[in-house]
Amino acid sequence: MIWKTNISTSYAAGRWAQLNAKGFKFLVYRHSHAEHPRLQHLAWDGLILPIDHPFWQSHFPPNGWGCGCSVRGAMSMAMAIRLGGDPSKKLPSDWAMPDPRTGAPKGIDRGWDHAPGATVANTITALAEKAGKWPTSLATNFMHEVPAATRDAIATGYRDAPSTADTIRRWVERVLGERGGAPISPDVLVEPQRTLGLATENLKAQINGVVPETFGGEPVDMLMLRDDVLASMRQTPPLPGRRWPTAADFARLGEVINQPDSVTMETVGQLPMVRFRKAIRNGEVIEAFFSFEAGRQQLRLWRLMIRTSGAAHIL
């Protein structure tokens, strides 16, 4: 139920933005025709109102846990009728009166009487913060399921979320087997990979512009693998002018990806790479190299490097 509601709420945020951007004059409330409907939601089925009517500021679905109602946009009254609208259906005079039990208008669950347009950022922040605490498989599936209109916002919000940075730091500590200088039990379960969210549409376009047809229209996962990335970094000494990255450095990957100082395309050996570069502190620079290949909707962290102050360019 929580999973479906998260998806539905995210969809509503994107849907509201789409309806406003397309210039629709009317909105039509449509019930989901659930087997066990909320009678008040069913009573709104077919209701036609102007898009700027205050009703939508509190009644834009979903209007509660598990609510499957939707809204259709129409350019004219005739179009609204074709979409299932009923022009004879009118709002009762007390439609906005709060229910004493919930504090929200009748038919709306407690806390669900909000305007999606006014809460898109809050919705995205809340969902991204939740996803930052989930296992990789659940977080990845969630981001794949959200509507395309909000996918970039969810992905960047996920990388900005403090919970994501904390989860990455803890994951790296488990991979390295120590936390704060103390060993971590080898019996502690470590996921084989950790998601860094989805690549934005702009990044996908940049890569396709340099290496045509690398990525198709499906979402592109950004991730780091335990065995062939982090473990290999400990097998050889760092080159001059560099130091080993710490778990705290890995925790900054969201910041490096979302607010880089530069993003460049490189070739290391035979591997095409995207390099994100960001200055951090004391003259140090984080460089994150992501490998990719045609036919795989994936950007994998190949190497994370920390250049120390005054380091010459190597590679």
Side-chain angles (χ1 to χ4, degrees), residues 1-128 130-131 142 145-151 153-154:
M1 178 68 77
I2 293 173
W3 172 267
K4 289 183 178 178
T5 300
N6 282 343
I7 295 298
S8 182
T9 305
S10 178
Y11 177 83
R15 181 65 173 154
W16 177 257
Q18 288 176 336
L19 290 168
N20 279 272
K22 290 182 178 180
F24 289 119
K25 296 180 179 179
F26 299 95
L27 297 181
V28 183
Y29 195 105
R30 296 312 313 268
H31 188 260
S32 64
H33 302 296
E35 184 178 356
H36 302 291
R38 291 175 170 90
L39 296 182
Q40 187 61 64
H41 294 196
L42 188 59
W44 295 326
D45 187 40
L47 181 66
I48 306 171
L49 291 171
I51 194 169
D52 59 355
H53 193 285
F55 174 85
W56 303 118
Q57 297 302 307
S58 55
H59 290 67
F60 194 98
N63 285 314
W65 293 104
C67 173
C69 297
S70 63
V71 165
R72 310 282 179 83
M75 293 295 187
S76 65
M77 182 60 69
M79 182 179 178
I81 294 171
R82 289 197 300 272
L83 292 172
D86 180 358
S88 68
K89 187 163 288 189
K90 306 298 180 183
L91 277 176
S93 59
D94 62 349
W95 67 268
M97 187 173 294
D99 184 329
R101 297 172 303 170
T102 65
K106 185 178 179 181
I108 299 180
D109 289 0
R110 185 188 299 274
W112 290 76
D113 54 329
H114 53 69
T119 60
V120 171
N122 290 341
T123 297
I124 286 171
T125 299
L127 293 177
K130 287 182 183 179
F142 167 69
E145 291 292 330
V146 299
T150 54
R151 194 173 288 148
I154 289 286

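In what follows, every heavy atom counts, from backbone to side chain, and hydrogens, waters and symmetry copies are set aside.
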Please tabulate, for the side chains in residues 85-92, all donor-acceptor contacts under 3.5 angstrom to protein atoms that are two or more places apart in sequence or on a different chain.
from	atom 1	to	atom 2	distance (Å)
D86	OD1	S88	N	3.0
D86	OD1	S88	OG	2.6
D86	OD2	S88	OG	3.3
K89	NZ	A43	O	3.3
K89	NZ	D45	O	2.6
K90	NZ	P87	O	3.2

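- Remark: H53 NE2 to L27 CG distance equals 11.0 Å, nearest 0.5 Å.
- When all heavy atoms of V28 and G84 are compared, the closest pair comes out as CG1-C, 4.3 Å.
- Side-chain atoms of H41 come within 3.5 Å of backbone atoms of G107 as a donor-acceptor pair (strictly under, hydrogens ignored).
- Checked against ring-ring contact (aromatic ring centres under 6.0 Å, His included), F55 has the following partners two or more places apart in sequence or in another chain: W44, H59, W95.
- Annotation: the span from L83 atom CG to F26 atom CZ amounts to 12.0 Å, rounded to 0.5 Å.
- For residues 74-93, there are no ring-ring contact (aromatic ring centres under 6.0 Å, His included) pairs, not counting sequence neighbours.
- Between atom CZ of residue F60 and atom CD1 of residue I51 there is a gap of 8.0 Å, rounded to the nearest 0.5 Å.
- Separating the CZ atom in R38 from the OG atom in S32 is a distance of 9.0 Å, to the nearest 0.5 Å.
- Partners of S93 by side-chain hydrogen bond (donor to acceptor under 3.5 Å, both in side chains), not counting sequence neighbours: none found.
- Under the side-chain contact (heavy atoms from CB on, under 4.5 Å) criterion, A96 pairs with no residue at all, not counting sequence neighbours.
- Here D99 pairs with R101 under the side-chain hydrogen bond (donor to acceptor under 3.5 Å, both in side chains) rule; sequence neighbours left out.
- Between R72 and R30, the closest heavy-atom pair is CG-CG, 3.9 Å.
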